[in-house]
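Take a look at the structure below.
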Amino acid sequence: MTNQNSASPASAPDVVKQRPPRILSGIQPSGQLTIGNYLGALKQWAALQSQYDSFYCIVDMHAITVPQDPAELREASVRNAALYLACGLETKHCTIFIQSHVSAHSELGWILNCMTPMGWLNRMTQFKDKSAKMQADSIGSGLFTYPTLMAADILLYQTDLVPVGDDQKQHVELTRDLAQRFNSMYGETFTIPNVMIPVAGARVMGLDTPTAKMSKSEKADGHAVFLLDPLDKVRKKIMRATTDSDRVIKFSTDPERAGVNNLLTIYQAFTERSREDIEAQFDSKGYGDLKKTVAEAVAEGLKPIQERYNQLMGEKGYIYEVLKKSADRANEVASTTLDLVRDRIGFVKPLR
Ligand code: ATP
Ligand code: LTN
């Protein structure tokens, strides 16, 4: 994993200097989680949890920046909580909570909206990509201000480190800029967070279109491997992945060879082996062998996650209990920061 801003140390205001370093990250409950979400986010969350006080969020308020079916949103939120646990997050290290359970996110989101220059938001590539696929009159303003809510998520917890996939780097940079802007306008308030991107799996590409990011809201059948796909289906999807006619099995940045590169990258991330080792393994092998081997590695990686998930979904009461306890803790931490922010910007303290 790389800490891409490691040159700039996190600056913490006095109120938070005496505590273990914190992580915050989140995933939208906007469909089935993919191996992209796992390799870009969840796998590194699990690897980091014992060294940090970790906050992992189910960002339902971000999910509604595009239309969602209410029943599906509710179901996906609980399912994702179970999947976070099934992927190895432990409650002794992690606060796993639903974003809308902590109202401080909306409040700080609004305050940050008011001080975010439109030009900063205009530069965000995720907005450009997502809005380009929508009808102009169905693009809500929440999609445009999405990054300020994400900044609120991060800054409320005085977060030191934000582990995400490559596509979220720009949003974390905007969060840093906003925190610096607020601190210089009103005095030290927010910790400046650093982004962390995994070395392998930072950008898993679609199996059908290896030049586009694998995304959980892309509907084409052969596009994504979902964490809860039956293992036979996982194997079939990988066997059908787009490749090329070159027959060379090497990591490559050539867009013509993106399919093979993607399969190798997925294999590298699941097996945690070096690129040299992997290239040597496939020396003089064919694409059929490559696909079969990758399919087995992915199926083997997903099997224990699915087993644990099925067990957890049989104990839904336990999941709701985790979410409740976590929301209490998240509310406590977030409201401390929010009180400080309200005071800094001149809101009158309400009588308690
Ligand atoms: P959607 O398609 O619904 O917008 P998404 O699949 O892009 O969603 P997010 O909820 O936006 O998923 O992302 C959650 C986390 O997973 C983020 O840290 C993001 O960087 C990471 N992530 C998403 N897709 C990939 C991918 N293809 N490769 C690596 N990381 C990914
Ligand atoms: N925008 C992120 C999800 C997200 C997030 C966060 C990630 C919302 N809030 C805070 C890290 C920290 C995405 O993956 N689309």
Side-chain angles (χ1 to χ4, degrees), residues 1 22-45 54-68 72-73 76-77 80 83-84 87 97-100 102 105-106 108-109 112 124-127 129-131 133-134 142-143 145-157 159-176 178 193-207 209-220 223-227 258 262 265-266 269 330 334:
M1 278 173 276
R22 287 212 184 114
I23 278 184
L24 180 132
S25 196
I27 301 180
Q28 303 175 76
S30 50
Q32 293 279 349
L33 297 191
T34 70
I35 56 169
N37 298 128
Y38 175 64
L39 299 175
L42 283 158
K43 189 165 182 279
Q44 53 167 348
W45 297 0
S54 303
F55 291 79
Y56 293 123
C57 194
I58 292 148
V59 290
D60 52 353
M61 293 198 295
H62 277 105
I64 63 162
T65 55
V66 297
Q68 299 293 338
E72 278 173 26
L73 179 64
S77 299
N80 283 11
L83 271 171
Y84 283 16
C87 287
F97 68 104
I98 295 182
Q99 185 187 33
S100 65
V102 183
H105 291 245
S106 326
L108 183 60
L112 295 176
M124 297 295 111
T125 56
Q126 180 176 289
F127 174 74
D129 294 347
K130 285 201 171 177
S131 58
K133 292 184 199 147
M134 296 169 73
L143 190 63
T145 57
Y146 179 113
T148 56
L149 180 60
M150 177 161 162
D153 299 342
I154 296 168
L155 299 178
L156 275 174
Y157 299 89
T159 301
D160 299 285
L161 201 64
V162 185
V164 282
D166 187 47
D167 61 318
Q168 295 302 311
K169 201 173 149 206
Q170 196 184 30
H171 289 161
V172 180
E173 275 158 11
L174 183 123
T175 302
R176 289 169 58 85
L178 267 175
N194 289 317
V195 71
M196 183 178 266
I197 312 280
V199 170
R203 194 171 180 82
V204 177
M205 309 307 271
L207 294 178
T209 43
T211 45
K213 191 194 84 157
M214 183 181 286
S215 154
K216 65 174 124 65
S217 34
E218 172 58 58
K219 296 284 175 266
H223 173 79
V225 172
F226 299 112
L227 297 188
N262 192 37
T265 307
I266 292 170

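In this chain, residues are counted from 1 in sequence order. Just so you know, ligand 1 is whichever comes first in the structure, and atom 1 is the first atom listed for that ligand.
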Legend entry - Value rounded to 0.5 Å, distance of CE in M150 from OG1 in T175: 5.5 Å
Legend entry - For Q28, atoms of ligand 2 separated by under 4.0 Å from a heavy atom: 15 (N)
Legend entry - Ligand-residue contact atoms, ligand 1 with G165, heavy atoms, under 4.0 Å: 18 (O), 19 (C), 20 (O), 30 (N)
Legend entry - Identity and separation of the nearest protein heavy atom to atom 11 (O) of ligand 1: Q28 NE2, 3.1 Å
Legend entry - Closest protein heavy atom to atom 28 (N) of ligand 1, given as residue, atom name and distance to 0.1 Å: V204 N, 2.8 Å
Inset, instruction - For atom 4 (O) of ligand 1, grab the closest protein heavy atom and report residue, atom and distance to one decimal in Å. - result: K130 NZ, 2.7 Å
Legend entry - Atom pair CD/CD1 of Q44 and I197 - distance to nearest 0.5 Å: 7.5 Å
Legend entry - Atom of T159, atom of I154 and distance for their closest heavy-atom approach: OG1-O, 2.7 Å
Inset, instruction - Quick one: look up the protein heavy atom nearest atom 23 (C) of ligand 1 and list residue, atom name and how far away it is. - result: N37 ND2, 3.2 Å
Legend entry - S25-ligand 2 polar pair, N/O distance under 3.5 Å: no
Inset, instruction - Could you find the nearest protein heavy atom to atom 9 (P) of ligand 1 and give me its residue, atom name and distance? - result: K216 NZ, 3.5 Å
Legend entry - Mode of V164 contact toward ligand 2 - side chain, backbone, both, neither (heavy atoms, under 4.0 Å): side chain
Inset, instruction - Please confirm whether G201 comes under 4.0 Å of ligand 1, counting heavy atoms of the residue only. - result: yes
Legend entry - ligand 2 contact on I154 by region, counting heavy-atom pairs under 4.0 Å: side chain
Inset, instruction - Measure from the side-chain N and O atoms of R176 to the backbone N and O of P193, and report whether any donor-acceptor pair falls under 3.5 Å. - result: yes
Inset, instruction - Return the orientation label for the H105 and Y157 ring planes: parallel under 30°, perpendicular over 60°, tilted otherwise. - result: tilted
Inset, instruction - Starting from atom 3 (C) of ligand 2, locate the nearest protein heavy atom and write down its residue, its atom name and how far away it is, to 0.1 Å. - result: G26 O, 3.5 Å
Legend entry - ligand 2 versus Q99: contacting region, heavy-atom distance under 4.0 Å: neither
Legend entry - For atom 1 (N) of ligand 2, the protein heavy atom that lies nearest, with its residue and separation: Y146 OH, 2.6 Å
Legend entry - 4.0 Å heavy-atom contact, D167 with ligand 1: yes
Inset, instruction - Starting from atom 30 (N) of ligand 1, locate the nearest protein heavy atom and write down its residue, its atom name and how far away it is, to 0.1 Å. - result: G36 O, 3.2 Å
Inset, instruction - Would you mind running through ligand 1 and noting each atom that sits below 4.0 Å from a heavy atom of K213? - result: 5 (P), 7 (O), 23 (C), 24 (N), 26 (C), 27 (N)
Legend entry - Heavy-atom check, side chain of V225 versus side chain of V204, under 4.5 Å: no
Inset, instruction - Would you check whether D153 has a nitrogen or oxygen atom less than 3.5 angstrom from a nitrogen or oxygen atom of ligand 2? - result: yes
Legend entry - Side-chain (Q68) to main-chain (A63) donor-acceptor, under 3.5 angstrom: yes
Inset, instruction - Considering non-hydrogen atoms only, spot the tightest contact between K216 and S30 and give its length. - result: NZ-OG, 2.9 Å
Inset, instruction - Heavy atoms only: give me the nearest T125-Q170 pair and the separation to one decimal. - result: N-OE1, 2.8 Å
Inset, instruction - Could you see which bit of V162 sits under 4.0 Å from ligand 2, with heavy atoms only: side chain, backbone, both or neither? - result: side chain
Legend entry - Within the 6.0 Å centroid threshold, strictly below: F127 and H171: no
Legend entry - Modelled atom types, side-chain donor and acceptor of S77 and D60, under 3.5 Å: no
Inset, instruction - Starting from atom 3 (O) of ligand 1, find the nearest protein heavy-atom neighbour and note its residue, name and distance. - result: S30 OG, 2.8 Å
Legend entry - Taking every non-hydrogen atom, the tightest pair across C87 and L227: SG-CD1, 4.1 Å
Legend entry - Ligand-side contact atoms (ligand 1) for residue partner V164, heavy atom cut-off under 4.0 Å: 18 (O)
Legend entry - A202: numbered ligand 1 atoms lying under 4.0 Å from its heavy atoms: 28 (N), 29 (C), 30 (N)
Legend entry - Contact partition for P163 relative to ligand 1, non-hydrogen atoms under 4.0 Å: neither
Inset, instruction - For Y56 and I27, indicate whether the former's side chain and the latter's backbone hold a donor-acceptor pair under 3.5 Å. - result: no
Inset, instruction - Please work out whether any backbone atom (N, CA, C, O) or any side-chain heavy atom from C-beta onward of E218 is under 4.0 Å from ligand 1, and answer side chain, backbone, both or neither. - result: neither
Inset, instruction - Using a 4.0 Å heavy-atom threshold (strictly under), name the region of A41 that reaches ligand 1: side chain, backbone, both or neither. - result: side chain
Legend entry - Side chain to side chain, V162 and L24, heavy atoms closer than 4.5 Å: no
Legend entry - Shortest protein heavy-atom distance from atom 10 (C) of ligand 2, along with the residue and atom involved: L24 CD2, 3.5 Å
Inset, instruction - Check each heavy atom of M214 against ligand 1 and say whether those closer than 4.0 Å belong to the side chain, the backbone, both or neither. - result: both
Legend entry - Residue selection (non-hydrogen contact nearest atom 13 (C) of ligand 2) among H62, Q168, Q126: Q168
Inset, instruction - Consider every N or O of S215 and every N or O of ligand 1, then say whether any pair is closer than 3.5 Å. - result: yes
Inset, instruction - Do me a favour and list the nearest non-hydrogen protein atom to atom 1 (P) of ligand 1 with residue, atom name and distance? - result: S217 OG, 3.2 Å
Inset, instruction - Taking all heavy atoms of T34 and all of S215, pick out the closest pair and write down the distance. - result: CG2-C, 4.2 Å
Inset, instruction - Verify, without hydrogens or angle tests, whether T148 (side chain) and L112 (backbone) share a donor-acceptor contact under 3.5 angstrom. - result: no
Legend entry - Smallest separation among heavy atoms of P198 and L39, with atom names: CG-O, 3.8 Å
